[in-house]
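By convention here, the first residue in the shown sequence is residue 1. Remember, it's 1-based here, ligands and their atoms both numbered in the order they're listed. None of the values given here were measured: they were computed from a predicted structure.
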Amino acid sequence: MNTFEKDKKYVAPTYGRFPVEIVGGKGSVLRDIDNKEYIDMGSGIAVNTFGCCDDEWVSAVKAQLDTFAHTSNLYYTSPCATLAQMLCERTGMKNVFFSNSGAEANECAIKAARRYGALNKGEDYYTIITLEKSFHGRTHTTLAATGQENFHKDFLPLTPGFVHTPPNDIDALSDAVKNNKCCAIMIEIVQGEGGVNALQSDFVKEVYKLCQENDLILICDEVQTGNGRTGKLYAYMHYGINPDVVTTAKGLGGGLPLGATMLGEKVKDIFSPGLNGSTFGGNPVCCSGAINVLSRLTDEFLETVWEKAQFIRDELSGVSGIEDISGLGLMIGLKTTKEAKEVVNTCIKNGVLVLTAKDRVRLLPPLNITKEQLSCALNIIKEACKI
Ligand SMILES: *Cc1c(COP(=O)(O)O)cnc(C)c1O
């Protein structure tokens, strides 16, 4: 059996995979089993921050692999402690819970918010408001947090205590705060899976105010927007707000599974030993990869991310078949006249890997993609969109 056949037979069919088998690559270029090369405009869904087989990242990870790979959270390890310190120093958050994925990072945020509500406001203050079109994960509770009916319908009943209001509608959100006993509001600064919708800056600031006025925990789900993706270390930093909890995953490990829930002043003491845990969370190998990633996301580097994002916008605006460009930084959504799926398939045929998000074509290139690679990919994307 070849890989396609084996996968079809033995892997649970939860994914609609493209008919491509990746066997290797370097940087922003990937290679399939037929030796065909692709420019990677997806980064494994915003995970491979510095692309494939980045030398520095690989050395950092290998060095830790040669030292020790896992100890469990019963013991202290330096990579975990150092990464937590780096995250806190760069964000002003107070401490960090490590896990393995975005969903798990959000589960921790939800637990922190619920416990905060119960301890500070009353046992029935457990409602968390999230936005319609949001995406917060695939575990049962993060599905409940996800504001999209189509994700819910097959798994009812879901965890109670989640209310969804439309993005950019501050009146609807204020009403929901008034009409429910709430402990938190959870937002994505740019809704990724929901169609690459950047929230309006005024709305984000109003959400922050509403949280302050009502003693609500503001959770920013930065699983996709975090770690330099939007041209700031975390996307909330574009708006001068201070969330109480920031969750991240995808790009943090640079290609290894790592989730982080950063806890601010209000919730820094919410957990005591035994209240949360994760066998693999804070794994030394994953943390070593993340330390390398974070240490390279300097202000100067983030400036280049922003420049590349501008370059993409300039190149794609006004192009035949591209009706709108959404997103922030190197998280870009294209409303195309052709079906997004058709554009993606044409791009793949012509050697560029791009993604979709709802009805949009989604671009999430590695943050260190070169200008030449970008130009080449954009020409192929333009051609595929053209009507
Ligand atoms: C991908 C994503 C998640 C889920 O992350 P997993 O690692 O797949 O569990 C949660 N929130 C947002 C905003 C995401 O983009």
Side-chain angles (χ1 to χ4, degrees), residues 12 14-17 42-49 97-113 128-148 151-152 155 158-159 162 164 167 184-199 204 207 218-230 232 234-236 238 243 245-262 278 280-283 286 289-290 293 326-333 355-358 360 362-365:
T14 59
Y15 303 104
R17 300 195 206 277
S43 315
I45 321 187
V47 166
N48 298 323
T49 305
F97 177 80
F98 288 115
S99 53
N100 309 282
S101 68
E104 205 184 355
N106 285 337
E107 288 274 346
C108 172
I110 291 164
K111 285 173 83 169
I128 297 175
I129 306 173
T130 73
L131 300 180
E132 290 169 9
K133 295 198 210 161
S134 61
F135 182 83
H136 297 297
R138 300 286 194 161
T139 61
H140 213 225
T141 292
T142 58
L143 269 187
T146 293
Q148 303 187 53
F151 282 102
H152 293 173
F155 304 105
L158 295 178
T159 309
F162 290 92
H164 314 292
I185 298 175
M186 173 145 98
I187 58 171
E188 295 156 87
I189 299 291
V190 185
Q191 297 183 318
E193 307 301 310
V196 204
N197 318 308
L199 295 181
V204 173
V207 173
L218 174 57
I219 305 169
C220 285
D221 176 346
E222 297 246 15
V223 170
Q224 189 163 160
T225 52
N227 314 300
R229 176 57 50 189
T230 70
K232 295 270 187 194
Y234 292 98
Y236 76 81
H238 286 283
V245 178
V246 178
T247 62
T248 193
K250 291 194 170 89
L252 178 62
L256 287 169
L258 182 62
T261 309
M262 297 175 238
S278 174
F280 287 113
N283 171 278
C286 302
V293 168
S326 64
L328 192 65
L330 287 180
M331 187 171 172
I332 293 173
L355 311 170
T356 59
K358 290 282 167 297
R360 291 194 175 228
R362 174 169 45 160
L363 310 180
L364 296 163

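- Neither the backbone nor the side chain of Ala249 comes within 4.0 Å of ligand 1, counting heavy atoms alone.
- Shown here, atom 15 (O) of ligand 1 is in close reach of the protein: a heavy atom of it lies under 4.0 Å off.
- More than 12 non-hydrogen atoms from other residues, nucleotides or ligands lie less than 6.0 angstrom from CZ of Phe151.
- Of all the atoms in ligand 1, the ones that sit under 4.0 Å from a non-hydrogen atom of Gln224 are 15 (O).
- Comparing Ile187, Asp221, Thr247 by heavy-atom distance to atom 11 (N) of ligand 1, the nearest is Asp221.
- In Lys133, the NZ atom is not crowded: 12 or fewer heavy atoms of neighbouring residues, nucleotides or ligands sit closer than 6.0 Å.
- Below 3.5 Å of separation, one finds an N or O of Phe135 facing an N or O of ligand 1.
- Among all non-hydrogen protein atoms, the one lying nearest atom 5 (O) of ligand 1 is Gly102 CA, 3.3 Å.
- Summary of contacts: the protein heavy atom closest to atom 1 (C) of ligand 1 is Lys250 NZ, 1.5 Å.
- Rounded to the nearest 0.5 angstrom, Met331 CE and Gln224 CD are separated by 4.0 Å.
- The backbone of His136, and not its side chain, has at least one atom closer than 4.0 Å to an atom of ligand 1 (non-hydrogen atoms only; backbone = N, CA, C, O).
- Using a 4.0 Å cut-off to heavy atoms of Ser101, the atoms of ligand 1 that qualify are 7 (O), 9 (O).
- Those atoms of ligand 1 with a heavy atom of Ala103 less than 4.0 angstrom away are 4 (C), 5 (O), 6 (P), 9 (O).
- Each of Ile45, Leu258, Thr225, Leu364 was evaluated against Lys250; a single residue qualifies, Ile45, per the side-chain contact (heavy atoms from CB on, under 4.5 Å) test.
- Of all atoms in ligand 1, listed by their number and element, those nearer than 4.0 Å to a heavy atom of Asn106 are 10 (C), 11 (N).
- Within ligand 1, counting atoms from 1 as listed, the ones closer than 4.0 Å to a heavy atom of Glu188 are 13 (C).
- Here the rule is side-chain contact (heavy atoms from CB on, under 4.5 Å) with Pro365, and of Asn48, Ile332, Leu330 only Leu330 fits it.
- Within the model, atoms CG of Asn106 and OG1 of Thr139 stand 8.0 Å from one another, a figure rounded to the nearest 0.5 Å.
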- For side chain to side chain contact (heavy atoms under 4.5 Å, CB included), just list the numbers for Thr247 and His136, CA-CA rounded to whole Å, side-chain angles, deciding distance to a tenth of an Å, and then say yes or no. CA-CA 10 Å; Thr247 62; His136 297 297; over 6 Å; no
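- Between Gly137 and ligand 1, no N or O atom pair is found at a separation short of 3.5 Å.
- Side-chain contact annotation: Thr49 with Asn227, donor-acceptor N/O pair under 3.5 Å absent.
- Under 3.5 Å, the side chains of His164 and Thr130 contain a donor-acceptor pair of N or O atoms.
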